[in-house]
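Worksheet for the structure shown next.
Residues: numbered from 1 along the sequence shown.
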Amino acid sequence: MDSKPRVLVIGLDPYRVPGPWDPEPVATGIQAGMAEFAAHGVGAETCLVGLDGSDDIEAVVTAALSARPWECVVVGGGIRRSEEHFETIINLIRRHAPDAAIAFNHTPGDIYNAAARRLG
């Protein structure tokens, strides 16, 4: 089993998204999606950022992207809902992980499938 991280999952930390909503289903979905990587022997890490003002999103994502070479970066749906954040993340990936494939998941539990489409 290759536990070396090959996939970086960038998304929103459901516990740090403002508003009256229940973050548990999303958090559970992310955990389930990440467990799929382990079940398939694919190393993966998350980079979850908050929208509550506690993160410098660009700095946090840059650090994660620069930590090691990535084969694939999955950009979560929460990030994609904000044009500003989406543009920033895509440009950071191009700059700091230019050889990585970029994937988009449909649901939090679909993270592995999104990456698997790009990992071949």
Pair up each side-chain donor or acceptor in residues 46-62 with any protein partner under 3.5 Å, not counting sequence neighbours, and list the distances.
from	atom 1	to	atom 2	distance (Å)
D52	OD1	S54	N	3.0
D52	OD1	S54	OG	2.6
S54	OG	R16	NH1	2.6
D55	OD1	R16	NH1	3.4
D55	OD2	R16	NH1	2.9
D55	OD2	R16	NH2	2.9
D55	OD2	G50	N	2.7
D56	OD1	E58	N	3.3
D56	OD1	A59	N	3.2
T62	OG1	E58	O	2.7

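- In this structure, NE2 on H96 lies 5.0 Å from OG on S66, to the nearest 0.5 angstrom.
- To the nearest 0.5 Å, the span separating CG on L92 from CD on E87 amounts to 11.5 Å.
- The two atoms that bring M34 and V9 nearest to each other are SD-CG2, 3.8 Å, heavy atoms only.
- A donor-acceptor pair is defined here as one N or O able to donate and one able to accept, closer than 3.5 Å; such a pair exists between the side chain of R80 and the backbone of N105.
- Residues P14 and P23 come closest through the heavy atom pair O-CB, 3.1 Å.
- Judged as a salt bridge (Lys or Arg N to Asp or Glu O under 4.0 Å), not a single pair has a partner in residues 88-114 (not counting sequence neighbours).
- In this structure, the side chains of F104 and I102 come closer than 4.5 Å at one or more pairs of heavy atoms.
- Scanning all heavy atoms of the two residues, the minimum distance from A114 to A103 falls at O-CB, 3.4 Å.
- Using bins of under 30°, 30° to 60° and over 60° for the plane-to-plane angle, the ring pair H40/Y112 lands in the parallel bin.
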Requested in this report: May I have the step-by-step check of side-chain contact (heavy atoms from CB on, under 4.5 Å) for L119 and V42, ending in yes or no?
Outcome: CA-CA 10 Å; L119 291 174; V42 176; 4.2 Å; yes
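- Atom CH2 of W70 is separated from atom CG of L8 by 4.5 Å, given to the nearest 0.5 angstrom.
- In the hydrophobic clustering of this structure, Y15 does not group with I30; members are Ile, Leu, Val, Met, Phe, Trp, Tyr whose side-chain heavy atoms approach within less than 4.5 Å, directly or through other members.
- At a threshold of 4.5 Å between non-hydrogen side-chain atoms, the residues I111 and V7 do not count as touching.
- Every side-chain hydrogen bond (donor to acceptor under 3.5 Å, both in side chains) that E45 has, sequence neighbours left out, goes to R68.
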